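None of these values were measured; they are calculated from a predicted model.
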Amino acid sequence: MGKSRARRFRRAPFSPAGPEQRRGGEAGPEEEPAAELLEKLQHPSAEVREYACASISKLLQQKHVIPAFLQRDVVRCLGPLLMDHSLAVRETAAGALRNLSACGGFDVCDDMVTKDIMTPLVALLKECSTGLDANQLSPRKCREMNKNYIEDIANEAINLLWNVCECNSTAVSIFNKEGCLEDVLHYMKKFSTNVDLAISVANCLQAVTEDNPDLLSSFNASAQQVLETVMLCPESTMKHILLRTLIAGTIWNIKDTIPPGSLGGMINVILKIFSESLAIDAGETIIRMNEAEKNRLKLAAETDTEENMNDVIDNCVLSEDDNMEEIPKGKVRRENDISDLLPSDKWELKEVTALLMAQQTALEIIVNMCCSEDPSDDEWEELSSSDESDLFMENSYNEGSGLLMSPLCLSDEVNSAFLNNLIPKKILEKTDFPNSVALDICMHNPSWKPLIKKLNAVQCRALTCLHSILLVSDVDCLGGASALQSLAQHLSRLVFSKMELPTDAEFLEAITSALRALLQTMASKNISQCMTPEQLLALCEAGIHSSNASVRVNVVSILGISGSVLAKGQDTAETLKMIGKFLLDVAMKESSLVVAGEALDALFDVFADGKEAEKAAVQIKLLPALKEFQPVFKMRMRKEGKGQYSTDQLCVLDNVKMNLRRFIVYQETLGKTPT
C-alpha cells in the first residue's frame, strides 16, 4: 500500500546477568521456595542475606518463576537491600533486581517503578558515586578477593537503571529530576581502568538520551567533555570499540546541544568510529580469537602442571631458614609469574561479542541518523517507520560504478564524511552471509554458539541500512542501471544460493524489504529485472507463510511491482495469471487486514493496464471475484479495524477500500469496451 518504509531501531533488548554468575557453588537454589528465600532476606546474618539474593537472582532468569516472586512483592523485599550495610548484599540484591527487570520485560519494569524501586536505586547510585574515587567503603575482604565492590555494585545498579529507563518514561523523568546524569558520568570517568562499567554506563546513556529533550540542558561543556574524551580514547580492544560506538550514539542523541559550527566535525568523528567498527571482519576475528583461546587454555594447563610439580617439591624440601616468613596457602607466587597478566576467563569470546554488538549498534544508529526527526509511536511498529531515510552508498556490490546519495537530514559537509569513511561500502560487505569457517567454529563450541545469532543480526541490520538507502535515491546517484542490476544479483544470491529458501523471519523481513525498495526503483525507470517470475513466486510462496506480517506485506508488494512490469511486455498472460491467483488468494484468506490491503493494492497495480493484463484478468475471473469480496472486506474493516490497527493503518485501508470500488468500475468498463 504505497511506498515501503525504512525501519528505525530502538535500543537492543537488554539481557540478564548478575553476581550469581560469579557465586557458584550453592547447591540447588531452585529447590528453595520463593517465600522461604524472601524471608531469608530479613535474616540478621549478612551471609544469609547474600545467599538469598544470589539464589533469587539465579531463579529470576527463569521466566516461569517470576510470577511467584512478584506475588510475594519481591521488589519491595529486595529494594531496601540496595542500601544494606553489607556491600556483598548490595551487589547481589542489585543483580537480582537487574535480572528481574531484564527477564520480566516491560510490564515488570513498569511494576518496579510503580513500587518505587527508583528511590533506593538513585540513593545507591549517588552513594557509590561519592565513594568511587576514595573507595573507602571497600573492606579488607575486598582487597583479599581482588575485588572492587564499589565499581561492581555500580555496574549492577547502572544495568538496572538502564533496564527500567528503557521501559518506563517515569523512570526517565526521575533520572532527569534527581540529577542522575552527573553521577552516571562520574562512573564513565573510570573507562580507562574499568571498561565493563563504562560500557554499562554508555548503554544507559543511550537509553536515557533518546527522545529526552528535558535532559539536554544538563549536558553542559563539562559533561560533553567527558563523552568526547571517551570517544577519542585510542585503545583498540573490541570492548573499547563498542564503548566508542555507544558514546557516538549518545552524542548523536544530544546533537542539538552541539554548536552548529562544531556539528559537522563531531558527526565526522562519529562516522569514523562507525567506519572503524564496520571495517573489522567479524568472521576472521572469530577464527583468530578462537585460536587464541586454544593457545591460552593450553598454556594454562601447562602452567597448572608445573605448579603441581613445584608443590610436590616444596612439600619434600625443608627450609634451611627457620625464620622464613610463612607464605599463606594459596598465595604461592613464583618469580616472573605472569598468570595475573593473562586475560580473564573467556576474554576472547567477550571480545568477539563486543565487536558484534558494536557493529550492530553502529548499523542501527546509521539507520536512525537517516530517519526523520520525532517519529510517532506508530513508526516503531512492525509495518511502519519513517519514509525519510537516506545515506551515502559508494559502490555497487561488484566494484565499479559509484553509488552516491545525500542524507536528507545532513549538510553537504557531513555528506562527504559518509564517503570519506567508506560507510556505504562497509554496509554492503556486511549484507553477505557470515564466514562459513567462523560459523563452523561457533556451531561446534557451545559457549561460542550464541555468536551465530549475533552474526545474523549484523547481516540483517546491514540489509535494513541498504533498504533505507534505496528508498529515496535517484537512479543516477545510485550509479545507474548497471549498478542496480548488480545489486539485484547480489540480493538474489542471498535468497537463492542455498538448497532451501530462507525461513528466518528477521532475515526474510530484511531481505524482502531491500528487494522491494530495489524493485520499486528499477521499475520506476524501466530497468530490466534480473529475477525470473519463477524465482519471485518461489520467494513469495515462502514469505507468505511467515509469522511476520512485514514479510507478508513485502512479498505481495514485490509481486505487485514485478507484475506491473510484466503487464507491459509481450506473451506474459500466463505468468500474470499465476501472480493474480496468488494475490487474490492472499487478499481473501489473509488474517491481517494490512496484508490483505497490500495484496489488493498489488492487484490494482498488476491489472491496471495492458492487453496481457486484460487477458489474464478475464481468465482468472478477477472482476467477479473482487465484486464478491468487496462487501467482505468492508465488513472486516468495520469489525476488526477499531482497536487492532493504528490510525495511519486505518487511513491507508480506507484508501484501499475506495480504490477497490474504483478498480471494479474500471474493470466493468473494460468488459463493456468492444474488442
Quiz item: Looking at CG of L508 and OG of S550, how far apart are the two atoms once the value is rounded to the nearest 0.5 Å?
Solution: 11.5 Å

Quiz item: Within a strict 4.5 Å, meaning less than it, do heavy atoms of the C53 and L78 side chains meet?
Solution: yes

Quiz item: Within the side chain of S513, is there an N or O that forms a donor-acceptor pair under 3.5 Å with the backbone of E509?
Solution: yes

Quiz item: Can you check whether Q360's main-chain N or O pairs, donor with acceptor, with R461's side chain at less than 3.5 Å?
Solution: no

Exercise. Is it possible for you to check whether K350 lies under 6.0 Å from the centre of the six-membered ring of W347, through NZ or CZ, and within 45° of that ring's axis?
Key: no

Practice problem: Please confirm whether the backbone N or O of L197 pairs with a side-chain atom of Y187, one donor and one acceptor, at under 3.5 Å? | Solution: no

Quiz prompt | Over 12 foreign heavy atoms within 6.0 Å of CD, E39 | solution = no

Quiz item: OG of S277 to CE of M238: how many Å apart, nearest 0.5 Å?
Solution: 9.0 Å

Quiz item: For D440, does its backbone N or O pair with a side-chain atom of H444 as donor and acceptor, under 3.5 Å?
Solution: yes

Self-check item: Backbone N/O of H64 and side chain of Q62: donor-acceptor pair under 3.5 Å
Solution: no

Quiz item: Are the side chains of M637 and D654 in touch, meaning some heavy atoms are under 4.5 Å apart?
Solution: yes

Quiz item: Who are the salt bridge (Lys or Arg N to Asp or Glu O under 4.0 Å) partners of E178, not counting sequence neighbours?
Solution: none

Quiz item: Can you name the closest pair of heavy atoms from S546 and A505 and give their distance?
Solution: OG-CB, 4.3 Å

Quiz item: Does a side-chain heavy-atom distance below 4.5 Å link L205 with M188?
Solution: yes

Quiz item: What are the two closest non-hydrogen atoms of C128 and I150, and how far apart are they?
Solution: O-CG2, 3.6 Å

Exercise. Would you give the length of the straight line joining atom CG of L82 to atom CG of L97, rounded to the nearest 0.5 angstrom?
Key: 5.5 Å

Quiz item: Just checking, any donor-acceptor pair under 3.5 angstrom between side chains of N176 and D214?
Solution: no

Quiz item: Got a donor-acceptor contact below 3.5 angstrom from the T92 side chain to the A88 backbone?
Solution: yes

Quiz item: Quick one: which of N99, V74, L100 gives a side-chain contact (heavy atoms from CB on, under 4.5 Å) with I66?
Solution: L100

Quiz item: So, T464 versus H467: side-chain donor-acceptor pair below 3.5 Å or not?
Solution: no

Practice problem: Verify side-chain contact (heavy atoms from CB on, under 4.5 Å) between E210 and Q206, making sure each step is shown before the conclusion. | Solution: CA-CA 6 Å; E210 189 172 18; Q206 257 213 291; over 6 Å; no

Quiz item: Just wondering, are more than 12 heavy atoms of other shown residues or ligands nearer than 6.0 Å to NZ in K126?
Solution: yes

Practice problem: Start with the C-alpha distance between V201 and W162, add both sets of side-chain angles, then the distance that settles side-chain contact (heavy atoms from CB on, under 4.5 Å), and finish with yes or no. | Solution: CA-CA 8 Å; V201 171; W162 168 27; over 6 Å; no

Quiz prompt | Side-chain heavy atoms of D110 within contact of V113, under 4.5 Å | solution = no

Quiz item: Just how far is it from atom CG of L242 to atom CD of Q359, taken to the nearest 0.5 Å?
Solution: 10.5 Å

Exercise. Supply the atom-to-atom distance Q644 CD to Q649 CD, rounded to the nearest 0.5 angstrom.
Key: 10.5 Å

Self-check item: Short side-chain to backbone donor-acceptor contact, N212 and V208, under 3.5 Å
Solution: yes

Quiz item: Minimum heavy-atom separation for C77 to L41, with atom names?
Solution: CB-CD1, 3.9 Å

Exercise. Go through L215 and F175 one step at a time and tell me if the side-chain contact (heavy atoms from CB on, under 4.5 Å) criterion holds.
Key: CA-CA 9 Å; L215 187 62; F175 181 96; 4.1 Å; yes

Quiz prompt | Qualifying residue, where the test is side-chain contact (heavy atoms from CB on, under 4.5 Å) with N290 and the options are L349, T285, N445 | solution = N445

Quiz item: Any side-chain heavy atom of E50 within less than 4.5 Å of one from S86?
Solution: no

Quiz prompt | Student check: side-chain heavy atoms of V586 and V555 closer than 4.5 Å | solution = no

Exercise. For L455 and P434, work out which heavy atoms get closest and say how close.
Key: CB-CG, 3.9 Å

Exercise. For the pair E506 and N456, evaluate side-chain contact (heavy atoms from CB on, under 4.5 Å) and give the outcome as yes or no after the intermediate values.
Key: CA-CA 9 Å; E506 186 178 13; N456 292 334; over 6 Å; no

Quiz item: V230 versus L243: any side-chain heavy-atom pair under 4.5 Å?
Solution: yes

Exercise. Of all the heavy-atom pairs spanning A282 and K430, show the shortest one and how long it is.
Key: N-NZ, 4.4 Å

Exercise. Applying side chain to side chain donor-acceptor pair (under 3.5 Å), name anything that partners S200, two or more places apart in sequence or on another chain.
Key: N155, N159

Quiz prompt | Side-chain donor-acceptor contact under 3.5 Å, Q224 with T257 | solution = yes

Quiz item: Looking only at atom types and distance, does a side-chain atom of E156 sit under 3.5 Å from a main-chain N or O of E91, one as donor and one as acceptor?
Solution: no

Quiz item: At what distance, to the nearest 0.5 angstrom, does CD1 of I117 lie from CG of L160?
Solution: 6.0 Å

Quiz item: Quick one: are L356 and V352 in side-chain contact, heavy atoms under 4.5 Å?
Solution: yes

Exercise. Identify the two heavy atoms, one from L227 and one from I247, that lie closest to each other, and give their separation to 0.1 Å.
Key: O-CG2, 3.5 Å

Practice problem: Check the pair R90, E127 against salt bridge (charged side-chain N to carboxylate O under 4.0 Å, His left out), reporting the backbone distance first and the verdict last. | Solution: CA-CA 12 Å; R90 290 188 185 190; E127 185 168 318; 3.0 Å; yes

Quiz item: Is the shortest side-chain N to carboxylate O distance from K115 to D73 below 4.0 Å?
Solution: yes

Exercise. In sequence, state the C-alpha distance, the side-chain angles, and the governing distance for D116 and R76, and then conclude on salt bridge (charged side-chain N to carboxylate O under 4.0 Å, His left out).
Key: CA-CA 8 Å; D116 199 27; R76 288 199 171 101; over 6 Å; no

Quiz item: Judged by atom type as modelled, is there a donor-acceptor pair below 3.5 Å linking the side chain of R552 to the main-chain atoms of G543?
Solution: no

Quiz item: Within the side chain of Y645, is there an N or O that forms a donor-acceptor pair under 3.5 Å with the backbone of L593?
Solution: yes

